[in-house]
Each structure stands twice: as structure tokens, then as C-alpha cells.
Asker: 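Attaching a single structure in C-alpha cells format; questions to follow.
Note that the numbering runs from 1 along the sequence shown for the chain.
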Amino acid sequence: MTTDLAAVLAGSRLLPVLTVALAASAGPLADALAAGGAHCAEVTFRTPDAERVVKAMAAHGALTVGAGTVLNAEQAERAVAAGARFLVSPGFDEEVIAKARELAVPVVPGVATASELMRALKAGVDTVKLFPAEPLGGTAMLRALAAPFPQARFVPTGGIGPDQLPAYLGHPSVLAVGGSWIATPGHLERGAYGEIRRLTAEAVERTAL
């Protein structure tokens, strides 16, 4: 396994962020995302079924699946055991970083300040999640953080919609952008997989702009 996120994402710059209440949604959701052109997805550990969702989507085979909202080492271990290929955390936690290294998977800790970014870089982590990106100031905040830390790569997430994708992806420090608008809990409750496929295709097209 590799601990390099860019290699795991294999060039994909769109990261759908998914909060899935029921494991039964995993197969149709993976179908819709893949049909829309997505190559990866982050399943947040915010629901009781999250572990089963990761397992089902990973077994589906159409997407590289990671686990998000990983708050501790125990969750990290469960996520990787379920098939997660990478881990994402909303903040910086040394135990999560250490567990990811032990499991040989990429980890993307969240940062919201220069101090947190310095902690991540000092720990040997050069790819971080700027979170919550839009409430923090959007691309202005991204530029401000990237300027003194040219070695850092960012995965901005939080409040980003399709219209902001080109601006974020236009910055050379951005590896990928996370977006939860592509497949919301509301979409899943309604079984709106056709809409998810359409939103995914539109977002993938915007990543090429």
C-alpha cells in the first residue's frame, strides 16, 4: 500500500464527501457516482452504518473509497479493515496520524490555522484538509495559507459548491476538492440516484475547466 494520497486518488481532483445513513444505499450510490465519472469518494464516519457503507462501496470496485470524520485511532483501524484506502479527519490528531502510518494508508488531517498547518508539516504530513474552507474565507484563506508553506498540498472541504470548484482547483497547491453537494442525505432518502449521477457529471466537467 502507499501513503501518498495523490497516488491513491490517481489524478482525480473531485472528492465526493458522503454521509450515508443506510448501508443499502451503498451499491446504488457507487453506481451513480461511477456513472457520473467519479473515481473516488469519502464516506464520513457520522452514521451507525458508516463502516458497513465503506465495506460495501469498497467491495463494489468502481471507486477508491476513503473514510472521513475519523476522530480517533480505533475508528481509523475499523475504517481500514472495512476497505478504506485513505483517512480524512476534521482536525489534527497525533493518534490518528500514527495509526494511519501503522496501517500504511494516506491520512489527511484538517487544519484551519497556520499553527495547525505547521504542526502537520512538522509531523511529516504535507497534504491537509482545509476545513471548513468556505467559512474560513474560501480561496482567499487558501492563498494566505499556501503562500508561506509552498510544500503543503490542500484538499479544501466545507461549504464548497460547484460554482467554486474552478477557483479552488486553479490554485497550484490544491490536490483535490471535497464536496458534499453531490450526494446529500436528502438525495439518498429520496433515492435520487439519477440526480446524483447528473451532479457528479457536472462536477467532473468543472474540474476540467
Side-chain angles (χ1 to χ4, degrees), residues 1-9 12 14-21 40-55 57-58 63-138 141-142 144-146 148-160 168 173-180 185:
M1 300 178 76
T2 177
T3 58
D4 180 61
L5 183 66
V8 170
L9 298 184
S12 180
L14 175 69
L15 181 60
V17 179
L18 314 170
T19 299
V20 186
C40 58
E42 173 192 330
V43 176
T44 67
F45 259 55
R46 299 181 188 179
T47 69
D49 261 9
E51 192 172 349
R52 292 171 58 202
V53 173
V54 169
K55 187 172 184 177
M57 292 188 72
L63 302 165
T64 298
V65 180
T69 320
V70 176
L71 304 180
N72 53 57
E74 186 264 341
Q75 283 185 332
E77 192 156 16
R78 284 167 43 210
V80 173
R85 296 277 308 281
F86 59 92
L87 303 173
V88 184
S89 178
F92 183 87
D93 184 89
E94 288 84 354
E95 290 184 3
V96 172
I97 302 296
K99 179 57 69 172
R101 286 186 173 144
E102 178 186 324
L103 298 170
V105 297
V107 59
V108 188
V111 303
T113 67
S115 295
E116 291 170 345
L117 178 53
M118 288 174 68
R119 286 179 64 204
L121 293 171
K122 187 175 181 180
V125 178
D126 63 3
T127 301
V128 297
K129 168 182 173 175
L130 179 62
F131 178 79
E134 281 293 294
L136 285 172
M141 180 62 168
L142 170 69
L145 277 180
F149 303 106
Q151 70 273 46
R153 296 183 298 176
F154 295 88
V155 181
T157 307
I160 298 171
Y168 279 101
S173 70
V174 171
L175 177 64
V177 173
S180 59

Asker: With side-chain contact (heavy atoms from CB on, under 4.5 Å) as the test, would you mind laying out the steps for Leu15 and Thr157 before giving the verdict?
Answerer: CA-CA 9 Å; Leu15 181 60; Thr157 307; 5.7 Å; no
Asker: Got Val125 and Arg101 here, is their nearest side-chain heavy-atom distance under 4.5 Å?
Answerer: yes
Asker: Using a 3.5 Å cut-off and no angle test, enumerate the donor-acceptor pairs between side-chain atoms of residues 127-134 and protein atoms at least two apart in sequence or in another chain.
Answerer:
from: Thr127; atom 1: OG1; to: Arg153; atom 2: NE; distance (Å): 3.1
from: Thr127; atom 1: OG1; to: Arg153; atom 2: NH2; distance (Å): 3.0
from: Glu134; atom 1: OE2; to: Tyr168; atom 2: OH; distance (Å): 2.5

Asker: Which pair of non-hydrogen atoms, one from Met141 and one from Ala112, has the smallest distance, and what is that distance?
Answerer: CE-O, 3.3 Å
Asker: With sequence neighbours excluded, what pairs up with Thr44 under the side chain to side chain donor-acceptor pair (under 3.5 Å) test?
Answerer: Thr19
Asker: Please indicate whether Lys55 has more than 12 foreign heavy atoms, meaning atoms of other residues, nucleotides or ligands, lying under 6.0 Å from its NZ.
Answerer: no
Asker: When you compare the side chain of Val174 with that of Pro156, does any pair of heavy atoms fall below 4.5 Å?
Answerer: yes
Asker: Return the OG to CD1 distance between Ser180 and Ile160, rounded to the nearest 0.5 Å.
Answerer: 9.0 Å
Asker: Can you tell me how far the CG atom of Asp93 sits from the CZ atom of Arg119, to the nearest 0.5 Å?
Answerer: 8.5 Å
Asker: Which of these, Val70, Val8, Asp4, sits in a side chain to side chain contact (heavy atoms under 4.5 Å, CB included) with Phe86?
Answerer: Val8
Asker: How far does OG1 of Thr64 sit from CE of Met57, to the nearest 0.5 angstrom?
Answerer: 11.0 Å
Asker: Within the supplied structure, the quantity of interest is the number of heavy atoms (other residues, nucleotides, ligands) at a distance under 6.0 Å from Arg52 CZ; does it exceed 12?
Answerer: no
Asker: Using side-chain heavy atoms (C-beta onward) and a distance below 4.5 Å, is Phe154 in contact with Leu117?
Answerer: yes
Asker: Would you name the heavy atoms of Ala58 and Ala82 that are closest together and state the gap between them?
Answerer: CB-O, 4.2 Å
Asker: Do you know the tightest heavy-atom contact between Thr47 and Val20?
Answerer: OG1-O, 2.8 Å
Asker: Tell me the closest heavy-atom pair linking Asp126 and Gln151, and the distance in Å.
Answerer: CB-O, 3.8 Å
Asker: Rounded to the nearest 0.5 Å, how far apart are CG of Asn72 and CZ of Arg78?
Answerer: 8.0 Å
Asker: Calculate, to the nearest 0.5 Å, the distance between atoms CG and CZ belonging to Leu87 and Phe45 respectively.
Answerer: 8.5 Å
Asker: Of all heavy-atom pairs between Val107 and Ala100, which one has the smallest distance, and what is that distance?
Answerer: CB-CB, 3.5 Å
Asker: Are there more than 12 heavy atoms of other residues, nucleotides or ligands under 6.0 Å from atom CD of Glu74?
Answerer: yes
Asker: Can you check whether Gly110's main-chain N or O pairs, donor with acceptor, with Ser89's side chain at less than 3.5 Å?
Answerer: no
Asker: For Phe92 and Ala120, work out which heavy atoms get closest and say how close.
Answerer: CE1-CA, 3.5 Å
